[in-house]
Colleague: 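Take a look at the following structure, please.
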Amino acid sequence: MAERNTDRIRYRYGICLNDNCEKCKSKEVQEIPARKEFVCPECGKPLRECPPPKKGGNTKLIGIIVGVVILLAIIGCIIAFSGGSEEKPVPAPVPEVKENTDSIKAAQEAAEQQRIKDSLDAVAAAEAAKKQEAEKKTEPAPATQKPAKSASGSKNLGYATFKGSWPNDVNGRMVFTSSHVIDSKDPKKRVAEAGDYVIGEWADGHLVQGIWYGSDNQVKGSVIIGR
Ligand SMILES: [Zn+2]
């Protein structure tokens with residue numbers, strides 16, 4: 001243990017145990033060079049070896065001071081560096097960072113709760129909307145269904161089925177189910193075959209103008225009768 005330090009190899013420390021010696025009375029720790037005999041320089045009696053208290057304390061203290069200085073220097077360097085470039089995190093205000101993360105956590109939790117609340121609200125709103133829609137559907141439906149039949153449904157004419165708002169539609173479709181005159185007002189009295197269809201404008205149940213297609217979707221001609 002004593003050989004670990006070079007100082008302790010060069011010097012040995014001891015207390016004189018001679019009651020008649022001044023050095024003994026003062027309990028002075030004496031520093032004896034290692035090469036010299038380990039005896040009291042005052043009385044010449046052997047010394048009791050002891051750890052170097054003062055010097056050891058000093059070196060200890062110096063060590064602590066040096067350590068603190070180095071630590072401060074390191075912290076100073078870190079602060080200086082982090083001050084120079086803001087990308088580096090500041091290590092000194094650790095509790096502040098913790099507070100920040102805490103507040104972030106709290107904010108995240110609040111946001112999560114808000115999100116849950118919002119989604120619940122959205123679900124409630126959606127359900128309410130569904131209910132309203134269902135009410136709308138169930139209540140005015142029977143009232144609107146009757147005009148819907150003549151408005152934009154289909155009308156069976158026996159020889160053909162009209163798809164659109166019979167009897168007036170600017171874009172209706174007449175699908176012939178059997179051979180029949182396209183329109184009684186047609187001066188040419190053109191006859192459509194089963195499967196033929198006419199897309200065009202109807203007024204008062206009569207074709208004004210339209211395109212006549214065959215069942216193969218090929219145009220058979222344009223029919224212009226007028227009002
Ligand atoms: Zn002595």
Side-chain angles (χ1 to χ4, degrees), residues 1-140:
M1 188 171 175
E3 278 78 28
R4 218 196 289 169
N5 198 308
T6 48
D7 265 355
R8 288 180 193 178
I9 293 162
R10 253 180 273 159
Y11 295 101
R12 297 174 76 184
Y13 300 89
I15 296 164
C16 181
L17 298 171
N18 182 3
D19 290 338
N20 303 318
C21 178
E22 284 296 316
K23 299 273 183 187
C24 174
K25 282 171 186 166
S26 66
K27 303 242 187 234
E28 190 186 315
V29 174
Q30 295 176 76
E31 188 184 87
I32 309 297
R35 53 186 151 76
K36 286 194 174 178
E37 209 179 341
F38 194 56
V39 293
C40 177
E42 193 76 12
C43 63
K45 297 269 178 189
L47 296 168
R48 193 185 73 185
E49 192 154 14
C50 70
K54 265 198 181 169
K55 200 166 184 195
N58 278 348
T59 47
K60 227 182 202 176
L61 196 70
I62 287 161
I64 288 164
I65 289 163
V66 166
V68 167
V69 166
I70 288 166
L71 202 71
L72 286 173
I74 289 165
I75 288 166
C77 277
I78 290 163
I79 288 166
F81 268 110
S82 64
S85 60
E86 297 208 354
E87 279 173 354
K88 280 191 182 178
V90 182
V94 172
E96 222 174 87
V97 170
K98 211 194 169 191
E99 257 178 35
N100 282 348
T101 51
D102 283 354
S103 63
I104 287 162
K105 244 185 211 170
Q108 279 175 341
E109 271 171 31
E112 186 66 27
Q113 278 179 344
Q114 187 61 40
R115 213 176 297 142
I116 290 161
K117 206 188 164 198
D118 282 355
S119 61
L120 285 175
D121 286 353
V123 167
E127 269 176 28
K130 247 186 213 170
K131 230 180 231 175
Q132 268 190 343
E133 215 173 301
E135 275 168 19
K136 254 190 213 165
K137 265 185 189 169
T138 49
E139 290 220 10

Colleague: Could you tell me the separation between the CD atom of Glu28 and the CG atom of Leu47, rounded to the nearest 0.5 Å?
Modeller: 10.5 Å
Colleague: Taking only residues two or more places apart in sequence or in another chain, which ones pass side-chain contact (heavy atoms from CB on, under 4.5 Å) with Cys24?
Modeller: Cys16, Asp19, Cys21
Colleague: Say you draw a straight line from NZ of Lys23 to CG of Leu17; how long is it, rounded to the nearest 0.5 Å?
Modeller: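 Taking NZ in Lys23 and CG in Leu17, the distance rounds to 14.5 Å.
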Colleague: Holding to side-chain contact (heavy atoms from CB on, under 4.5 Å), I want the full list of residues that pass it with Val66, two or more places apart in sequence or in another chain.
Modeller: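 Partners of Val66 under the side-chain contact (heavy atoms from CB on, under 4.5 Å) test: Ile62, Ile70.
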Colleague: State, with a plain yes or no, whether a side-chain heavy atom of Cys50 is found less than 4.5 Å away from one of Val29.
Modeller: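 Cys50 reaches Val29 side chain to side chain.
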Colleague: Working to the nearest 0.5 angstrom, can you tell me the gap between Arg48 CZ and Gln30 CD?
Modeller: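 Interatomic distance, Arg48 CZ to Gln30 CD, rounded to 0.5 Å: 12.5 Å.
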Colleague: How long is the span from the OH atom in Tyr11 to the CZ atom in Phe38, to the nearest 0.5 Å?
Modeller: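 Output value for this atom pair is 14.0 Å.
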Colleague: Sequence neighbours excluded, which residues qualify as side-chain contact (heavy atoms from CB on, under 4.5 Å) partners of Lys36?
Modeller: Ile32, Pro33
Colleague: As an exercise, state the distance from CZ of Arg10 to CZ of Arg35, rounded to the nearest 0.5 Å.
Modeller: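 Answer rounded to 0.5 Å: 10.5 Å.
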Colleague: Going from CD1 on Ile79 to CG on Leu72, what distance comes out if it is rounded to the nearest 0.5 angstrom?
Modeller: 9.0 Å
